[in-house]
Amino acid sequence: MGGWFRIVAAIVAMSVAGGGAAAQSPFPSKPVHIFVPYAAGGGVDILARTLGDVVSRQWGQTVVVENRPGAGGVVASQALVASPPDGYTLIVVASGHATNPFLYPKIPYDTFKDFTPISLLASSPNILLVRTDSPFKTLGDMVAQARSKPGSLSFGHAGTGTSTHLAGELLKNLAKIDLNAIPYKGGAPSINDLLGGQIPMSFNNGPESVGQLEAGTVRALAVTTASRASFLPNVPSMAEAVPGYDTEVWWGLLGPAGMPADLIAKLSHDFVAALNTDPVKERLGKLGASPIGSSPSEFDAKIRADARKWAPIIEAAGMKAE
């Protein structure tokens, strides 16, 4: 009987030891999923896949990028907050994440409580694009027609409340012109309709614009930052024709609320390290984006600052998601 008890005790001890080893397995021990709230081919998608490739090699684990477009990022964000806070489900959001609370009165999560900021990854100016055969050679040409024929022009954007939508609304406000805003499920579909002639112009971020600009299928009228962009030195800034104009798009990495501090620190460290590799910096530079790589607290502060900045503008414009 004593021998039997010794065997059972040994089995139990091995099970406990095995369970402890499993619990202490280094992260990640299985594939990590990153949600992208917009269609494939847009700026968020390009950034997520570029970083995903690098950290996948660093970790020795697959990084799966999942496109979940819809409702300006709300669909993907809702899925994210419902995920366990174990680091295996993350999301790369754009600037619109900070403004969605003011656009969706019944948003199914709390923007400031239901997420864990990990890092502000990168930023880029938005760009006002037209087709190469457009009659508008300059921003002034477009503004002149908009003033002479109010409501006759429209612009595409990546979705209600996104940075590209706000860029157009800011232009309308400061230039005192009437333009129709046409929402899409991401920047790539907006460019597709621009190329197809369904819309006369589109606001897009750098990563999704550079390839089309290099191919000569579209032309840039202006960048949305206060000064010219280094990757488009011959393209005027919006402020050169519309004083006081200045806005950009940023992208950041979030997890669900409740993630442990050591996991947050690891994810922030690993993604910032990926941003600082030469291949990623070169890739982002060619796409017109600048790597940032902030701390979690700095990213949290950025989200809150943007919410304070845009809330009164959204309210004044009467912008509401449909």
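Hydrogens, waters and symmetry mates play no part in the numbers below; they use all other heavy atoms, side chains included.
Dense packing is recorded around NZ of Lys137, with more than 12 heavy atoms of other residues, nucleotides or ligands lying under 6.0 Å away. No more than 12 heavy atoms of other residues, nucleotides or ligands sit less than 6.0 Å from atom CG of Asp278.
In terms of the side chain to side chain donor-acceptor pair (under 3.5 Å) criterion, Thr277 has no residue partners (sequence neighbours excluded).
A continuous path of ILVMFWY side-chain contacts below 4.5 Å connects Leu51 to Val249, so both sit in one hydrophobic cluster. By the rule that hydrophobic residues join a cluster once side-chain heavy atoms approach within less than 4.5 Å of another member, Val81 and Phe112 end up as members of one cluster. Neither Leu254 nor Ile264 shares a network with the other; the hydrophobic side chains, linked directly or stepwise wherever heavy atoms of I, L, V, M, F, W or Y lie under 4.5 Å apart, form separate groups for each.
When Leu284, Leu47, Val280, Val44 are each tested for a side chain to side chain contact (heavy atoms under 4.5 Å, CB included) with Leu121, only one passes: Leu47.
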Determine whether Ser124 and Trp251 satisfy the following criterion, side-chain contact (heavy atoms from CB on, under 4.5 Å), listing intermediate values before the conclusion. CA-CA 9 Å; Ser124 172; Trp251 304 281; 3.4 Å; yes
Report the C-alpha separation of Thr247 and Trp310 in whole Å, then their side-chain angles, then the decisive distance to 0.1 Å, and conclude whether the side-chain contact (heavy atoms from CB on, under 4.5 Å) test is met. CA-CA 11 Å; Thr247 187; Trp310 289 108; 3.4 Å; yes
Any chance you could lay out the side-chain contact (heavy atoms from CB on, under 4.5 Å) test for Ile182 and Gln198, step after step, and finish with the verdict? CA-CA 10 Å; Ile182 310 298; Gln198 282 78 29; over 6 Å; no
Are Leu90 and Phe271 close enough, and set up right, to give a side-chain contact (heavy atoms from CB on, under 4.5 Å), and what steps lead you there? CA-CA 12 Å; Leu90 307 170; Phe271 275 88; 4.2 Å; yes
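Here the side chain of Ser29 pairs no donor or acceptor atom with the backbone of Pro26 at under 3.5 angstrom. Under a 3.5 Å cut-off, the side chain of Ser119 and the backbone N or O of Leu253 do not form any donor-acceptor pair. Panel note: side chain Tyr38, backbone Ala94; no donor-acceptor pair is recorded below 3.5 Å.
Salt-bridge annotation for Asp306 and Lys302: present, with a side-chain N of the basic residue lying under 4.0 Å from a carboxylate O of the acidic one. With respect to the salt-bridge test (charged N to carboxylate O, under 4.0 angstrom), the residues Arg304 and Asp300 qualify.
Relative ring orientation between Tyr109 and His97 is described as parallel, the plane-to-plane angle staying below 30° on a 0-90° scale split at 30° and 60°. A perpendicular orientation is assigned to the rings of Trp59 and Phe27, their planes being inclined by more than 60° (bins at 30° and 60°).
Between the CD1 atom of Ile314 and the NZ atom of Lys320 there is a distance of 8.5 Å, given to the nearest 0.5 Å.
Looking at Gln212 and Thr217, their side chains do bring a donor and an acceptor atom within 3.5 Å of each other. For the 3.5 Å distance criterion, the side chains of Asn126 and Ser163 qualify, holding a donor opposite an acceptor.
Residues Leu221 and Thr138 are not in side-chain contact: their nearest non-hydrogen atoms beyond the backbone lie 4.5 Å or more apart.
When all heavy atoms are compared, the tightest approach of Pro135 to Asp141 is O-OD2, 4.3 Å.
Listed by first then second residue, pairs satisfying ring-ring contact (aromatic ring centres under 6.0 Å, His included) with a partner in residues 278-305 read Trp250-Phe299, not counting sequence neighbours.
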